2 protein chains.
Amino acid sequence: MHETTPAALTPAHRELLDQVLDKWSLQVLESLCERPQRFNELRRSVPAVTQKSLTATLRRLERNGMVERNLLSSRPVAVEYRVSALGSTLQDLVDALLAWSTSVLPDVETARAAFDGTGPDTASLSR
Amino acid sequence: MHETTPAALTPAHRELLDQVLDKWSLQVLESLCERPQRFNELRRSVPAVTQKSLTATLRRLERNGMVERNLLSSRPVAVEYRVSALGSTLQDLVDALLAWSTSVLPDVETARAAFDGTGPDTASLSR
DNA sequence: CGGGATCCAGTCGGATACTG
DNA sequence: CAGTATCCGACTGGATCCCG
C-alpha cells in the first residue's frame, strides 16, 4: 500500500510546502480556520506577527489559493480573509503535524538534552 | 468547537516543526529513509545542497533525535548517518505532506495563474 | 482600517580554503 | 573523507511613514 518512495520530492512540491508551511502561514491558517477575520483582527490573533509579514503571508496564501480575500466595504475599507475550500484541505495536514509534534516532543527534548550534554564538553553552545 | 484540535500551536511545536520540516531536512530525511548513508554519499543524493547546509541540517536533525551519527572507522574517517526510530515516525508525515501537495498542486497552479493575471492587468510584468 | 514603500539590521546560505 | 572557519551577497523581518 505504501511504497517506500511513492513519488520523488520534486522542487515544485517543496516550493508549495515551503510557501504554505512556513512560520506564519501555519498560525494564520489555523486562526482563519476558526473563523474568517479582517486584517487587524487577524493581526491580534497572531500576536508576534508584524504588518509586513502578515501582508506577505496573506498574499502568498492567497496566491496559492489557500485563502480568499473579500472586500466588504469601500468606505473605511473592510477586508475579510477566509480559508478557501482548497485551504481547508490543509487542516488535516496541520492537525497531523500538530499531533506528531505533540507525541514526539518529549523524546525530542530528551534527545536535545543528550546532544547538548554529549557533544560540547566545553559547554555554551545553546541556541 | 472542534475537539479535533488537541492542543494549540505552541512555540515549542512550531520550533520543532521548523527544525524538521525545513528546506533540506525533508530531502535529507527522505534520502536517509531509503538507506543509511555517509556524508558525501548523502551530499550526492541531495544535489543542490552545500556542505555547510548539509552539516547544519544533519546536526539539527541529530540534535532533535531524528538521525543517528555513527563513526565507522577512524583512519580515513567514515561516518554513517541513519534515521533513528524517532525519525522514522516522520515518514508518515512526509508521506502525507507529499500526497497532499501532489493532490492539490494542479489547483494551486491554477490559483497562481489566476492571481498573477487578476492583479496587475495594468502592467505586463513579463520580464 | 488596510496596506504599500522604504530604510535598515540581522540572518541565511553559498563559495572557498584549510584541517585531522 | 568529514568536517570547521571565514568572507560575503542575498534575502528576511522589523520599524516607520504615508496614502486611499
Side-chain angles (χ1 to χ4, degrees), chain A residues 11 14-15 18-28 31-32 36-63 67-82 115 118-122 124-127, chain B residues 11 14-15 18-28 31-32 36-63 67-82 115-116 118-123 125 127:
Chain A
R14 265 262 320 89
E15 183 195 10
D18 250 26
Q19 305 226 336
V20 159
L21 294 182
D22 79 290
K23 182 176 179 182
W24 298 118
S25 295
L26 278 182
Q27 303 176 64
V28 167
S31 190
L32 281 183
Q37 292 172 64
R38 300 215 304 284
F39 190 83
N40 285 331
E41 198 177 352
L42 195 52
R43 204 172 161 182
R44 282 171 230 121
S45 299
V46 187
V49 76
T50 60
Q51 165 272 330
K52 185 180 181 180
S53 299
L54 181 55
T55 301
T57 299
L58 286 171
R59 284 285 176 279
R60 197 183 322 116
L61 291 177
E62 187 193 355
R63 196 178 98 93
V67 304
E68 291 172 8
R69 182 178 179 271
N70 298 322
L71 213 69
L72 295 182
S73 159
S74 291
R75 257 266 286 105
V77 183
V79 180
E80 181 204 60
Y81 291 95
R82 61 172 62 212
F115 182 88
T118 303
D121 301 332
T122 54
S124 64
L125 188 88
S126 55
R127 59 171 303 159
Chain B
R14 266 265 320 94
E15 183 195 8
D18 250 26
Q19 304 226 339
V20 159
L21 294 181
D22 78 289
K23 182 176 179 181
W24 299 117
S25 294
L26 278 182
Q27 302 175 65
V28 167
S31 190
L32 281 183
Q37 291 173 65
R38 300 214 306 283
F39 190 83
N40 285 331
E41 198 178 352
L42 195 51
R43 203 172 160 182
R44 283 171 228 120
S45 299
V46 188
V49 77
T50 61
Q51 131 277 108
K52 184 181 181 178
S53 301
L54 181 55
T55 301
T57 299
L58 286 171
R59 284 283 176 283
R60 197 183 324 116
L61 290 177
E62 186 192 357
R63 196 178 98 93
V67 304
E68 291 172 9
R69 181 178 179 272
N70 298 322
L71 214 70
L72 295 183
S73 158
S74 291
R75 252 272 287 112
V77 184
V79 180
E80 182 204 61
Y81 291 95
R82 63 171 61 212
F115 183 88
D116 294 343
T118 303
D121 52 353
T122 55
L125 291 174
R127 64 176 188 90

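Quick caveat: nothing in here was measured; it's all calculated off a predicted structure.
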Would you say a side-chain N or O of [X] is under 4.0 Å from OP1 or OP2 of [N]?
X: Y81(A); N: dG3(C); result: yes
X: R38(A); N: dC1(C); result: no
X: S53(A); N: dT12(D); result: no
X: R59(B); N: dT4(D); result: yes

Please determine, for the side chain of [X], which listed nucleotide ([options]) has the closest atom?
X: T50(B); options: dG14(C), dG2(C), dG14(D); result: dG14(C)
X: Q51(B); options: dG3(C), dG14(C), dA17(C); result: dA17(C)
X: K52(A); options: dG3(C), dG14(C), dG13(D); result: dG13(D)
X: R69(A); options: dC1(C), dG3(C), dA17(C); result: dG3(C)
X: N40(B); options: dA2(D), dT16(C), dG2(C); result: dA2(D)

Assign [X] to base, sugar-phosphate, or nothing according to its heavy-atom contacts below 4.0 angstrom with the strands shown.
X: R75(B); value: nothing
X: R60(A); value: nothing
X: R43(B); value: nothing
X: V79(B); value: sugar-phosphate

Nearest whole Å is fine: how far is [N] [atom2] from [X] [atom1]?
X: K23(B); N: dC11(D); atom1: NZ; atom2: C1'; value: 11 Å
X: D22(B); N: dG13(C); atom1: CG; atom2: P; value: 7 Å
X: Q37(A); N: dG2(C); atom1: CD; atom2: P; value: 11 Å
X: L71(A); N: dC1(C); atom1: CG; atom2: C1'; value: 11 Å
X: L58(B); N: dG13(C); atom1: CG; atom2: P; value: 14 Å
X: L54(B); N: dA15(C); atom1: CG; atom2: C1'; value: 16 Å
X: E62(A); N: dG2(C); atom1: CD; atom2: C1'; value: 13 Å
X: D18(B); N: dT12(D); atom1: CG; atom2: P; value: 14 Å

Heavy-atom closest pair, residues Q19(A) and S25(A):
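Looking at all heavy atoms of both residues, the closest pair is O-OG, 3.4 Å.
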
| Looking at R38(A) and L72(A), what are the two nearest heavy atoms and their distance? |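 The pair with the smallest heavy-atom distance is CD-CD1, 4.5 Å.
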
Do the side chains of [Y] and [X] get nearer than 4.5 Å, heavy atoms only?
X: Q51(B); Y: L54(B); answer: no
X: V49(A); Y: T57(A); answer: no
X: V79(A); Y: F39(A); answer: no
X: V67(B); Y: V28(B); answer: no

Paired with R69(A), the side-chain contact (heavy atoms from CB on, under 4.5 Å) test is passed by just one of E80(A), R82(A), R59(A), namely R59(A)

How far does the helix from dC1(C)-dG20(D) to dG20(C)-dC1(D) bend, going by the axes of its first and last five pairs, to the nearest 10°?
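The helix from dC1(C)-dG20(D) to dG20(C)-dC1(D) shows an end-to-end axis angle of 40°.
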
Give a yes or no answer on whether the side chain of R14(B) reaches the backbone of K23(A) with a donor-acceptor pair at less than 3.5 Å. yes

*Take P76(A) and A48(A), find for each the nucleotide of DNA chain D with the closest heavy atom, and name the residue whose nucleotide sits nearer the 5' end.*
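Looking at DNA chain D, the more 5' nearest nucleotide goes with A48(A).
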
